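Quick one: this structure, given as C-alpha cells, is what I'll be asking you about.
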Amino acid sequence: MDEPAPRLAVWKFASCDGCQLTLLDCEDELLSVAARLEIAYFLEASSAPGPGPYDLSLVEGSITTPEDLERIRHVRRVSRRLVTIGACATAGGVQALRDFAGVKEFASVVYARPDYIATLDRSTPISAHVPVDFELRGCPIDRRQLLEVISAFLAGRRPVVPAHSVCVECKARGNVCVMVAHGTPCLGPVTQAGCGALCPSFNRGCYGCFGPMESPNAAGLNHWLRGLGMSTPELVRIYRTYHATTEPFRRAAEEAEEHE
Amino acid sequence: MTHKTVRIGGLTRVEGEGGLVVHARDGRITGLELRIYEPPRFFEALLRGRGHTEPPDITARICGICPVAYQMSACQAIEAACGAEVTGPLRDLRLLLYYGEWIESHALHIYLLHAPDFLGYDSGIALAADRRDLVERGLALKKAGNELIAVIGGRPIHPVNVRVGGFYRVPARAELAPVAERLRRARDDALATVAWVAGFDFPDVEHDYRFLALSHPEEYAILSGRVATMMTAGDGRGTPEGFAVEDWPEHVTEEQVPHSTALHARLDGESGYLVGALARYALNAARLSPLAREAAAAAGLGPVCRNPFRAIVVRAVEIVHACDEALRILDGYTEPDRPSVPVEPRPGVGHGASEAPRGTLYHRYRLDEDGLVAEADIVPPTAQNQARIEADLRDLLAPRLAPGLDPPEAELAALCERAIRNHDPCISCSAHFLDFRLDRG
Ligand code: SF4
Ligand code: SF4
C-alpha cells in the first residue's frame, strides 16, 4: 500500500503574507508539490483546514500579541518539523522596530484608543519561544530556496542553503561591484546570499533584506560606507530596517553610533 | 465616540481567524461585527524619522499581495511633497509594473480563491484535481503577471527596482520581448477567463452602493487620477468629476471601532462606501480598452454592476484590460534616457493615491527640514470597505434570520464567507475566514 502523503501546514503570525504567497507563486511547481504533499492547513489557499498533527509546518510572521504566544506553542506541539520562513519569523521583521521606540508610543501614533489594542512590547522571532528545525532567510524568501527546503524535508535531509554573502552571488553572476564601480553604498558584504544578488543587478546597493550572513565584518564595512559619504543616522537606519534585532545588525548600528 | 485618526496599513488583511459576530433578536439583526484580528504592525509609527527615499521599500512590506500598489502610492506622495513629477516613458514603466501586479493578483483571486466558491470546492488545489486544465490556465495567467513585475522590478514580491523618482535601472527593449510574447497568450487566457466566470450561477442580489475610485481623463485609472464618487441609488449624489487627491483628508476620515484593529473610514461623514473592482468599473468603464469593453459587454455587464457576486467578472475584464494596455506600452517601448528624475527633499506635505487591485490606496507624508518623514498616514482599501462589507452581510442575513426560519449556521457562515470574498479583502481572510457566531438573543 502507498505511504500516506506527508502533511504540510502553513501558519501566519504578524507578517505581510509575502513569504507564504511565495509558495503560491511557484506556478510551475505548485500542482506537483500539491500532488506529493497533503496541504493540510493553509488558510491563504484553502478553506478546508485539516486537524494536526502535521509533518512539516512552515511558519511566517513574528510574535507580537499575547494570543500568538499561545498559538505558536500549539503549532510546535502539532508539528513534527517546524521551519520558519522569512525575516518576520526568523528575526522579528520590520515590525520589530518597535523594540527601539516603545510600543506604547507606536500605538498612540496609530490609534486614538490604544487601550483597545492588545500587543506585546516587542516583536520576537519564533525561535525565541519554541525550538525551530530550520530558518529560511529573506524578506521575502526566495522561491527556489523554499522549494529546496520542502524537497529536503520530504527526503529527510538538511536543506542546502548557502551561508556566504551576497558578494559571492554578484561574482557568480558577473555583476560589476556597485561600490567599487559607482560608489553606491551596499550591504552585500555582510548580507546572506539567497536572492541571486538582485539589487546590484539593478544598479542598486543591497539593503540587507536577507539579513546578516554568518560572522560578518560590519565594522569594516561601516568604514567603507562612511568613506562613500553615509552619515551616522543613515548607517543606523540601514541596519535597523528588516533585521534590526539580529545580533550582527544590532551591533553594526551601535558601532556606527559609537564611532560618532 | 468619533474621531479622526491615523490608521495602520498592516491591517489591510484579516487573519485567518477573523470573525463575524451577529446578534439577532426577534428575527431582527441588532448587531453585526466583522472582526479584524490582524496583529497591528504600526507602520505609520515606524516610518517616522526615516529618509524620504525609504517609504517605498518599507511600506511594500505592509502587503505581500500588492506591494507595487504601496510602492506607487508612496512614491507619488513623496514626489508631490518634493515638487517632482514622473512623466512620459518612466510613468509608462510604472504603469507596466502595476499592470503586472493587477494580472497576478486578480488571477490569484479568481482562480485560487474565488472561483472554487462558485463550483463547490474548498480551494483552487482541490479544483485542480478535477479540472487541472482550468487551474493551469489561471496559474499561467498569474505567472505572466509575475514575470512582468520581475523583469521591471526584480522580483514579484517586494520589487527592488522602484525608487522615488522612477527606477534604479530601466530594462532594455530586448529584456522585455519574452514577456510580451507571454502576455499575448495571457490576453487570450484572460478573454477565456471572462467567458468562463460569466457563466457562473450568481445569487440574485443587488445592493445600493456609494462607490469611490480614482478617475483619469484618458485612462482606466490605476496609477493616478482624481478621486471620483458615485451613488447608485437615492438621489444619485456623487462627484464623478472628482476631487483632487490632496483634498482626501477633507473628505475621508477614519474612526476606530472597539471590535477591530482596522479603522473604519467615512466619506463626507457617511460610513459604508465601497472601493475596488465594482467602483472602478462603474466610474471608468468607458475608458477600458476596446477589447476589454467588448468582453464586458459579451459577459452581460451593464454600465454599472451592483451585484457584488459578479465582481469576479469585472476582475476578469480588468485582466483583459491590463494585458491589452501592457502590450500597447510594450510595443511602443523605447528605453527612457535616464532611470529616474531627481527628487530633492524639502519640508512639506505630499499626497498620493493609486488603485491597488482591491481598491484605492492613499498615502500622505509630511517631511521635515532634514527630509525625514515626520508623519505618515496610510489608508488601505480593506479598511475602507470594512463597514460596507458589514452592510452587505446585514442585507444578506436579514431575510434569512426572519422569524420562523432556522437555516443551519454552517450554511449562513458559508454564504457570509462568499459575500466577504466578493470584495477581495486581503488574502488569508478571502480564502478561509469565518468564525461565525450567531446569538439569537
Ligand atoms: S519576511 Fe518580509 S515578505 Fe516575509 S512575511 Fe515578513 S514582511 Fe512579508
Ligand atoms: S541584494 Fe540584498 S536587499 Fe537586494 S534582494 Fe538581495 S539580499 Fe535583498
Side-chain angles (χ1 to χ4, degrees), chain A residues 12-22 24-25 27-28 30-31 34 39 42-49 61 64-65 67-68 93-95 97-98 101 103 105-113 116-117 119 123 139-140 142-143 195 198-199 201-204 207 209 233-234 237 241-242, chain B residues 1 3 5-8 10 13 15-16 38-46 48 50-51 54 57-58 61-65 67 108 112-113 122-126 128 132 135-136 139-140 142-143 146 154-158 160-161 163 167-169 256 258 261 339 417 426-428 431-433:
Chain A
K12 173 185 156 63
F13 291 85
S15 68
C16 82
D17 278 42
C19 287
Q20 50 175 317
L21 182 64
T22 304
L24 297 181
D25 275 357
E27 288 98 0
D28 293 335
L30 183 63
L31 295 180
I39 301 184
F42 187 6
L43 295 184
E44 183 166 306
S46 168
S47 50
T64 60
T65 68
E67 300 77 58
D68 282 353
V94 67
Q95 55 273 15
L97 289 174
R98 74 180 66 189
V103 77
E105 192 206 332
F106 267 29
S108 65
V109 167
V110 177
Y111 294 103
R113 289 294 301 268
Y116 289 166
I117 304 297
T119 188
S123 163
C139 177
D142 178 79
R143 203 168 52 82
C195 68
L198 214 45
C199 293
S201 326
F202 281 85
N203 288 341
R204 174 182 190 180
Y207 59 92
C209 80
E234 284 170 334
R237 290 206 304 269
T241 313
Y242 309 103
Chain B
M1 188 196 70
H3 26 227
T5 166
V6 283
R7 64 153 277 96
I8 168 175
R13 283 152 298 102
E15 193 22 336
E38 181 82 359
R41 290 168 74 212
F42 305 112
F43 275 88
E44 288 160 328
L46 62 84
R48 289 180 317 155
R50 308 298 301 202
E54 297 184 70
D57 289 323
I58 293 181
R61 268 71 184 182
I62 290 175
C63 178
I65 303 131
L108 172 78
L112 293 182
L113 307 178
D122 291 320
S123 67
I125 292 161
R132 197 177 169 108
V135 177
E136 280 179 348
L139 290 172
K142 180 164 158 296
K143 186 172 175 177
N146 276 337
R155 63 182 170 198
I157 301 170
H158 310 330
V160 300
N161 191 26
R163 73 187 295 172
F167 297 90
Y168 290 91
R169 175 169 81 75
Q256 189 182 356
T261 48
E417 275 197 29
C426 279
I427 201 161
S428 331
H432 162 84
F433 175 67

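Everything numeric in this text was worked out from a predicted model, so none of it was measured.
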Determine whether the side chains of Thr241(A) and Arg50(B) contain a donor N or O and an acceptor N or O closer than 3.5 Å.
yes
Can you confirm whether Leu21(A) sits close enough to Leu108(B) that some side-chain heavy atom of one is under 4.5 Å from a side-chain heavy atom of the other?
yes
Does any non-hydrogen side-chain atom of Arg204(A) lie less than 4.5 Å from one of Asn161(B)?
no
Under the 6.0 Å and 45° cation-pi test, does Arg98(A) pair with Phe42(B)?
no
NE2-SG distance between His158(B) and Cys16(A), expressed to the nearest 0.5 angstrom:
3.5 Å
Note: Phe202(A) and Tyr168(B) closest approach over all heavy atoms is O-CB, 3.2 Å
Which one, Val94(A), Leu30(A), Asp25(A), leads in non-hydrogen pairs under 4.5 Å with chain B?
Asp25(A)
If you round to the nearest 0.5 Å, how far is CG of Leu139(B) from CG of Leu24(A)?
9.0 Å
Does any N or O in the side chain of Arg61(B) come within less than 3.5 Å of the main-chain N or O of Gly18(A), such that one atom is a donor and the other an acceptor?
no
Heavy-atom distances under 4.5 Å only: say whether Asp28(A) touches chain B with side chain, backbone, both or neither.
side chain
With chain B, which of Ser201(A), Cys139(A), Cys199(A) has the greatest number of heavy-atom pairs at distances under 4.5 Å?
Cys139(A)
If you define the side chain from C-beta out and look only at heavy atoms, does anything of Pro140(A) sit under 4.5 Å from Arg155(B)?
yes
Taking every heavy atom of Ala128(B) against every heavy atom of Leu31(A), the minimum-distance pair comes out as CB-CD2, 3.7 Å
Determine the minimum heavy-atom distance between Tyr207(A) and Val160(B), stating which atoms define it.
OH-CG1, 3.9 Å
Going from CD on Gln95(A) to CZ on Arg41(B), what distance comes out if it is rounded to the nearest 0.5 angstrom?
4.5 Å
CZ-CG distance between Arg48(B) and Leu97(A), expressed to the nearest 0.5 angstrom:
12.5 Å
Side-chain heavy atoms of Arg237(A) within contact of Glu54(B), under 4.5 Å
yes
Report the distance from atom CD1 of Ile157(B) to atom CG of Asp17(A), rounding to the nearest 0.5 Å.
9.5 Å
Please look at Thr22(A) and chain B and tell me whether the side chain, the backbone, both or neither of the residue comes under 4.5 angstrom of a heavy atom of that chain.
both
Determine, step by step, whether Phe42(A) and Ile125(B) satisfy the side chain to side chain contact (heavy atoms under 4.5 Å, CB included) criterion, reporting the C-alpha distance in whole Å, the side-chain angles of both residues, the deciding distance to 0.1 Å, and the verdict.
CA-CA 11 Å; Phe42(A) 187 6; Ile125(B) 292 161; 5.5 Å; no
